[in-house]
**Student:** 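I have a structure I would like to understand better, so I am pasting it below and will then ask my questions one at a time.
Atoms within each ligand, like the ligands themselves, are counted from 1 in listed order.
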Amino acid sequence: MCGIVGYIGHRNASEILIEGLLRLEYRGYDSAGIAVSHEGGINVRKKAGRVKEMASLVERMPVPGSLGIGHTRWATHGETTDVNSHPHTGGNGDVVLVHNGVVENHARLREQLQQKGYIFHSQTDTEVVAHLISHELAEQIKLESAPDDPRICFRAVEAALKQLKGTYGLAVLFRDWPDMLIAARVGSPLVVGVGEDEYFIASDASPLAGHTNEVVYLADHQLVILTRDGMELLHRDLGQQAPSIQTLAPEATASDLGEFEHYMLKEIFEQPTSVQNAMRGRLDLDEATAMFGGLNLTPQQLRRVDRIVLTACGTSWHAGLVGEYLLEEFARIPTEVEYASELRYRNPPLTETTMVFAITQSGETADTLAAMRECRRKGHPTLAICNVVGSTIAREADGGIYLHAGPEIGVASTKAFTSQVTVLTLLALYLGRMRHLSWPAGKRIIEQLQAIPGKIEQALKCNEQVRAVAERFRDNQNFLYLGRLYNFPVALEGALKLKEISYAHAEGYPAAEMKHGPIALVDENTPSVFLVPRGSIYSKVVSNLEEIRARRGPVIAIACEGDHRLDKLADEVIYVPEVEEYLQPLVTSIPLQLLAYHIAVLRGCNVDRPRNLAKSVTVE
Ligand code: G6P
């Protein structure tokens, strides 16, 4: 949700900033802008629209200089206009900044600043911060015997931050101190890239690719002062701190599109590998169980767990639903799946032996972070199932499991979902083997899991067929997605994919439950996507399918290879390889991802950057 970048060094800042913003565009793409300090002034270029539109403005009106900041916006306060785009300027132009987050008390601060004579140009909460820092800077200058001392900038930022309620990742330039960039965070991620005589600031590590792999992740209430000669790290309560520099793995920033037209398609096709990576080194064939390095709980503590709460948002929440079925089936541990946005304010009774897992691709989702913090505050061991290494949730959790899926750039999550389901399967196996699951049963699960990357590879062969199905249904405006047991969460996820990227309305439902409402929607213009692989309740699902057919609803069936009974019952049948029921989500989700993708492409939608959405939702 908004991406910010900053650069201080000896190279042309605008090129580095624009390149960085292009990599952060998945975080928001309503408008973009940069500000570069040069010869006693700060030049701002900003524009509603995508980064490349702003970049062509910079091409027409270049901004020289080697110190600058940039922003790509997901609008929260104020419409998508040039004026509301970041960077924002405070006072008489002495402070220019970019912001990611939400300032909750902006209205009151705005009034106070207006009373002091500050003139506002935008409707954003960010402009309030710019004026506030400028105001505090003027106050510091009045107090200071040596008004050129760069520390007054830091004191001004510190004084302003104390007045803010809400979340922020900020990068600030000062017109009269052209060798300094200050960045600070509460609730919104920030990474400092450490180069040779140069530093970078970014919302995540992706803009650092090709520049440096040495990073410092800022924690909440930390502030960093960057000059060309060095960095100084300060904490609001703890004062000066030594930065802990970490080295990024090369895959953490790899984001090439390769031969694919869109990131989403690339990521769909990466799934045989990403699922394999989620299992790598985690299968213990001798003990017929899974192994995890980072749970940070003893087997005794884990054995005492008698309830699990999985909390997440969006696609990760759907993976959690699959996890609930797996954990209850294999480990017999009562499991609940909570929307993080609800859990953070609810007060469910959690006992001492409840274990909480936050499931998140980005590790930055504001609601998931808040829910996790609330559970930790109450003393529950709270672990993360997370993809982005070094993200806030990964760092704050008591322990966790990384997905190792590599960067997911497409806003609609695909490979993260199958990796989350894989990790949850391993977790259920592990906890199950500590309890009721026998050695042969564990061994069988492992063997089935090992075959899954190959099965996904096979499932991907339906791509061309799915494209033809998409042609047929591209103009339909309403879809139902129906499945039962392990395929119910898949139905929810399939419907979400279609909504997100093609803007068609789609509703996911348990296939039998549709009789209690959604069946009223069925007509010849409302296709139902039916998940009907062979399994324990196959014939029940087929009966549900017949109920739709009886009402002349078109049916697209996802079925097991060789199940030709469905040829007569469905308008289209997409075949996937047969796997054990508990592993079906890993293969049945593949055609649904492809169906959403192709319908969206045929409808001319921007698949990787769907309207109104952002990859990483760092506001509440
Ligand atoms: C956003 C994304 C979704 C994602 C959800 C949760 O809405 O567009 O694709 O599933 O956030 O994100 P997380 O990073 O916590 O998994």
**Student:** If hydrogens are left out, which of A366, S362, A412 has an atom nearest to atom 14 (O) of ligand 1, that is, the closest non-hydrogen atom?
**Tutor:**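 Among A366, S362, A412, the closest heavy atom to atom 14 (O) of ligand 1 comes from S362.
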**Student:** Taking atom CD1 of I599 and atom CZ of R467, what is their separation to the nearest 0.5 Å?
**Tutor:** 13.0 Å
**Student:** Can you find an N/O atom of A614 closer than 3.5 Å to an N/O atom of ligand 1?
**Tutor:**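 Right, the criterion is met.
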**Student:** Counting from 1, what ligand 1 atoms have a heavy atom of S413 closer than 4.0 Å?
**Tutor:**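 Here the atoms of ligand 1 in question are 9 (O).
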**Student:** Closest non-hydrogen protein atom to atom 5 (C) of ligand 1, residue and atom name please, with distance?
**Tutor:** C313 O, 4.0 Å
**Student:** Can you list the atoms of ligand 1 that are under 4.0 Å from a heavy atom of V617?
**Tutor:**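 In order of number, 1 (C), 7 (O).
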**Student:** In the protein, what heavy atom is nearest to atom 16 (O) of ligand 1, and what distance, to one decimal place, separates them?
**Tutor:** S316 OG, 2.5 Å
**Student:** How many angstroms lie between OG in S502 and CZ in F479, if you round to the nearest 0.5 Å?
**Tutor:**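 The CZ atom of F479 is 7.0 Å from OG of S502, to the nearest 0.5 Å.
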**Student:** Centre-to-centre under 6.0 Å for H88 and H99, is that the case here?
**Tutor:** no
**Student:** Just by distance, with hydrogens left out, do K497 and T315 show a side-chain donor and acceptor under 3.5 Å apart?
**Tutor:** yes
**Student:** State the atoms of ligand 1, each with its element, that fall below the 4.0 Å cut-off from a heavy-atom position in V411.
**Tutor:**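 It comes down to these atoms of ligand 1: 8 (O), 9 (O).
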**Student:** Between K47 and E53, is there a side-chain N and carboxylate O pair less than 4.0 Å apart?
**Tutor:** no
**Student:** Any idea which atoms of ligand 1 are less than 4.0 Å away from a heavy-atom of T315?
**Tutor:**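 So the answer, numbered in order with elements, is 10 (O).
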**Student:** Can we call the ring centroids of Y481 and Y509 under 6.0 Å apart?
**Tutor:** no
**Student:** Are side-chain N/O atoms of E493 and S589 paired as donor and acceptor at under 3.5 Å?
**Tutor:**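 S589 and E493 do not have a side-chain donor-acceptor pair below 3.5 Å.
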**Student:** Tell me: protein heavy atom nearest atom 13 (P) of ligand 1, and distance?
**Tutor:** T365 OG1, 3.2 Å
**Student:** Just which atoms of ligand 1 are under 4.0 Å from any heavy atom in K615?
**Tutor:** 1 (C), 2 (C), 11 (O)
**Student:** Test your reading of the structure: does T360 have an N or O sitting under 3.5 Å from an N or O of ligand 1?
**Tutor:** yes
**Student:** Might you confirm whether atom CD of E513 has over 12 heavy atoms from other residues, nucleotides or ligands at distances under 6.0 Å?
**Tutor:** yes
